[in-house]
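A note on names: the letters A, B, ... follow the listed sequences, proteins ahead of strands, and every chain is numbered from 1.
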Protein chains: 4
Amino acid sequence: MKIEFDEKIPIYLQIMKAIKQEIATANLKAGDKLPSVREMAEILKVNPNTVQRAYQELEREQITYTQRGMGTFITNDVQKLKSLKKEMAMELVTSFVNEIKNLGFNMDEIIEIVKESLEREVK
Amino acid sequence: MKIEFDEKIPIYLQIMKAIKQEIATANLKAGDKLPSVREMAEILKVNPNTVQRAYQELEREQITYTQRGMGTFITNDVQKLKSLKKEMAMELVTSFVNEIKNLGFNMDEIIEIVKESLEREVK
Amino acid sequence: MKIEFDEKIPIYLQIMKAIKQEIATANLKAGDKLPSVREMAEILKVNPNTVQRAYQELEREQITYTQRGMGTFITNDVQKLKSLKKEMAMELVTSFVNEIKNLGFNMDEIIEIVKESLEREVK
Amino acid sequence: MKIEFDEKIPIYLQIMKAIKQEIATANLKAGDKLPSVREMAEILKVNPNTVQRAYQELEREQITYTQRGMGTFITNDVQKLKSLKKEMAMELVTSFVNEIKNLGFNMDEIIEIVKESLEREVK
DNA sequence: GTGGTCTAGACCACT
DNA sequence: GTGGTCTAGACCACC
């Protein structure tokens, strides 16, 4: 796992997001062990406390759980994991749609520019 | 102008964004006068320093200019204003497309969920 | 505010508890400002980060809210504050009753020893 | 013996407590043999090291003793066992009374809510 | 001045 | 080796 850190956003949030993406794309699955706090800190060239913070918040969101002295693991609640992907997508889409509407685009125009953008990526 | 402030994002950024949206939707046009710092602060129930900061940044981006003793005005550079809308849209779209791809969706799925989301809004 | 720290329990939890007690006893009321992180750290002879952690958790429990650059305040949700005292009392009582029952005491005996204990305190 | 483990409290402490409760309720009596470390670990679905630690601490408190090759036994010091129950009860009561007072309840109120709680349990 | 984040380094308890 | 907590000290953005 590599992350291009955006200076403007707290690192621990970016770590959380990266892990959630790994889950959404099924690179991380139910029950999988995350790298230890220290390992992950090493990998990301970041202070262990920062990783600790990210793991802590993930646990609070019940995306992970920790076993004392054993490590941190992805939750076994498969339902939770499924809905996670859906939720993340929904949040992205609705906030995008809202914002773009605020700029005064109508439905057809929105579809249009999304398509354009996608085609550009292909090239 | 009313803003639902998101506590997690700097208020001055949210003010800037709102003003840019007003421009994009042509509610604010070239040469229009913005409310004075104090008025705006009053309207938004916000510290005048915060409005000041927003205006300052807008000027740095050459979206507004100030005339001593007269107030702050939208730039007369119509070209600038047109490209503003385009830029904002492009930024929204590309970042959205990137993020949603990171969740493992492919092009067709993306178009699909955007359409779904738009239809839901209509109802 | 002074706290006799119990070495065995995380300091930030003890700070949270102390603040909750201040609320329960109405020493802190809705809207009151808490000492700044640094002030409180000074008062309690504790690292600011530790106070920060306590304040953060209190905010997550919606017992406080923060205003950027202004400080940390007790929530204005009076209902929340009322229920807080009740909840804390309930939790104490039920866990106490459960534990003491586990030791094999019956209802009359429990009442008895509580009374004894209270009388002893009086002297 | 089954234990609902609270993740936040050291498991060995919870095991110790459970055993003490068995003693207090006379399910375990002077001279009784405890399950072997391995058996207990099997029963509780716990690491043997953890059980080992619990047994060790109980011995340090002179609540149990071990006989080489024979196993771990409840002490024969009946006096010790009797006082154990009393001590545990006292500790529970005094800490409960202190805490509830800190919430601003007076003696009558305390008796009142304990009674309420007990009646609720009966139903 | 205010809270928020981060690093560096340390100690502890649990497995 | 694992996570959890704490200190010390620093920098930043916001009001």
Side-chain angles (χ1 to χ4, degrees), chain A residues 5 7-15 33-42 44-59 64-73, chain B residues 5 7-15 41 44-54 56-57, chain C residues 5 7-15 33-42 44-59 64-73, chain D residues 5 7-15 41 44-54 56-57:
Chain A
F5 288 118
E7 276 292 322
K8 302 292 179 188
I9 302 172
I11 296 176
Y12 77 91
L13 287 180
Q14 299 183 59
I15 296 174
K33 183 176 180 310
L34 290 175
S36 82
V37 170
R38 289 162 175 84
E39 274 172 13
M40 187 63 110
E42 181 65 25
L44 300 177
K45 310 291 182 200
V46 146
N47 187 289
N49 284 334
T50 307
V51 177
Q52 170 68 18
R53 174 84 189 270
Y55 280 16
Q56 194 180 86
E57 300 282 342
L58 285 173
E59 183 166 9
T64 61
Y65 65 96
T66 72
Q67 267 184 318
R68 322 149 76 78
M70 308 289 309
T72 303
F73 303 83
Chain B
F5 288 117
E7 274 294 319
K8 302 296 176 190
I9 302 172
I11 293 176
Y12 79 91
L13 285 180
Q14 298 182 59
I15 295 174
L44 300 178
K45 312 286 185 199
V46 146
N47 190 306
N49 287 334
T50 309
V51 177
Q52 178 62 30
R53 174 80 187 272
Q56 208 175 70
E57 297 286 333
Chain C
F5 288 117
E7 277 291 322
K8 302 292 178 187
I9 302 172
I11 295 176
Y12 77 92
L13 287 179
Q14 298 183 59
I15 297 174
K33 183 177 181 309
L34 289 176
S36 82
V37 169
R38 289 160 174 85
E39 275 171 12
M40 187 63 109
E42 181 66 24
L44 299 178
K45 309 293 183 198
V46 147
N47 188 289
N49 284 334
T50 306
V51 176
Q52 171 69 17
R53 174 83 189 271
Y55 280 17
Q56 195 180 84
E57 299 282 342
L58 285 172
E59 183 166 9
T64 61
Y65 65 95
T66 72
Q67 266 184 318
R68 323 149 76 79
M70 307 290 307
T72 303
F73 303 83
Chain D
F5 288 117
E7 273 294 320
K8 302 295 175 191
I9 303 171
I11 293 176
Y12 79 91
L13 285 180
Q14 299 182 59
I15 296 174
L44 299 177
K45 313 285 184 200
V46 147
N47 190 306
N49 288 334
T50 309
V51 176
Q52 178 62 31
R53 175 80 187 272
Q56 208 175 71
E57 297 285 335

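- Remark: P of F:dA8 and NZ of C:Lys45 are 12 Å apart, rounded to the nearest angstrom.
- Every residue two or more places apart in sequence or in another chain that forms a ring pair (Phe, Tyr, Trp, His ring centres under 6.0 Å) with A:Phe73 is listed here: A:Tyr65.
- Contact between the side-chain N/O atoms of B:Tyr12 and the OP1/OP2 oxygens of F:dC14 is found at a separation under 4.0 Å.
- Between the CE atom of A:Met40 and the C1' atom of E:dC6 there is a distance of 17 Å, given to the nearest Å.
- When the nucleotides F:dG3, F:dC6, E:dG4 are ranked by their closest atom to the side chain of C:Ile11, F:dC6 comes out on top.
- Taking 4.5 Å as the limit, every side-chain heavy atom of C:Thr72 sits out of range of all side-chain heavy atoms of C:Glu59.
- Looking at residues two or more places apart in sequence or on another chain, you find no side-chain hydrogen bond (donor to acceptor under 3.5 Å, both in side chains) involving D:Gln52.
- One finds no side-chain N or O of A:Tyr55 lying less than 4.0 angstrom from the OP1 or OP2 phosphate oxygen of F:dG3.
- Separating the CD atom of A:Glu42 from the P atom of E:dT7 is a distance of 13 Å, rounded to the nearest angstrom.
- Residues meeting the side-chain contact (heavy atoms from CB on, under 4.5 Å) test with C:Thr50, sequence neighbours left out: C:Ile11, C:Tyr12, C:Ile15, C:Val46, C:Asn47.
- Checking the phosphate oxygens (OP1, OP2) of F:dT2, a side-chain nitrogen or oxygen of A:Ser36 falls inside 4.0 Å.
- Taking the nucleotide of DNA chain F with the nearest heavy atom to each of A:Val37 and B:Asn47, the more 5' of the two is matched to A:Val37.
- A:Phe5 pairs by the ring pair (Phe, Tyr, Trp, His ring centres under 6.0 Å) definition with nothing, not counting sequence neighbours.
- Of the side-chain N and O atoms in A:Thr72, one or more sit less than 4.0 angstrom from OP1 or OP2 of F:dG3.
- Looking at A:Pro48 and A:Val51, their side chains never come closer than 4.5 Å, going by heavy atoms from C-beta outward.
- In this structure, CD of C:Glu7 is placed 14 Å from C1' of F:dT7, rounded to the nearest angstrom.
- With DNA chain F read from its 5' end, the first of the two nearest nucleotides for C:Met70 and A:Pro35 is the one closest to A:Pro35.
- The distance from atom CD of C:Glu59 to atom P of E:dT2 is 17 Å, rounded to the nearest whole Å.
- Closest to the side chain of D:Pro10, out of E:dC14, E:dT5, F:dG3, is E:dC14.
- Using a 4.0 Å cut-off, no side-chain N or O of C:Thr50 falls inside it from OP1 or OP2 of F:dC6.
- Note that CE of A:Met70 and OG of A:Ser36 are 12.5 Å apart. Values are rounded to the nearest 0.5 Å.
- Atoms CD (A:Gln52) and P (E:dC12) sit 18 Å apart, rounded to a whole Å.
- Rounded to the nearest 0.5 angstrom, C:Lys33 NZ and C:Gln67 CD are separated by 10.5 Å.
- One can place CD1 of B:Ile9 at 12 Å from P of F:dC15, the figure rounded to the nearest angstrom.
- Ion pair B:Arg53/B:Glu57 flagged as a salt bridge, since at least one NZ, NE, NH1 or NH2 atom sits closer than 4.0 Å to an Asp/Glu carboxylate oxygen.
- The shortest distance between side-chain heavy atoms of A:Tyr55 and A:Pro35 falls below 4.5 Å.
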Report summary line: Annotated structure of DNA chain E as dot-bracket, pair cut-off 3.5 Å, Watson-Crick or G-U only, | for inter-strand, is ||||||||||||||.
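- Atom CD in B:Gln14 sits about 9 Å away from atom P in F:dC15, given to the nearest Å.
- Ranked by how close their nearest DNA chain E nucleotide is to the 5' end, D:Arg53 and C:Lys33 are led by C:Lys33.
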Every protein N/O lying under 3.5 Å from an N/O of nucleotides 10-12 of chain F:
none

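- Nearest to the side-chain atoms of A:Arg68 among the listed nucleotides E:dT7, F:dG3, E:dT15 stands E:dT15.
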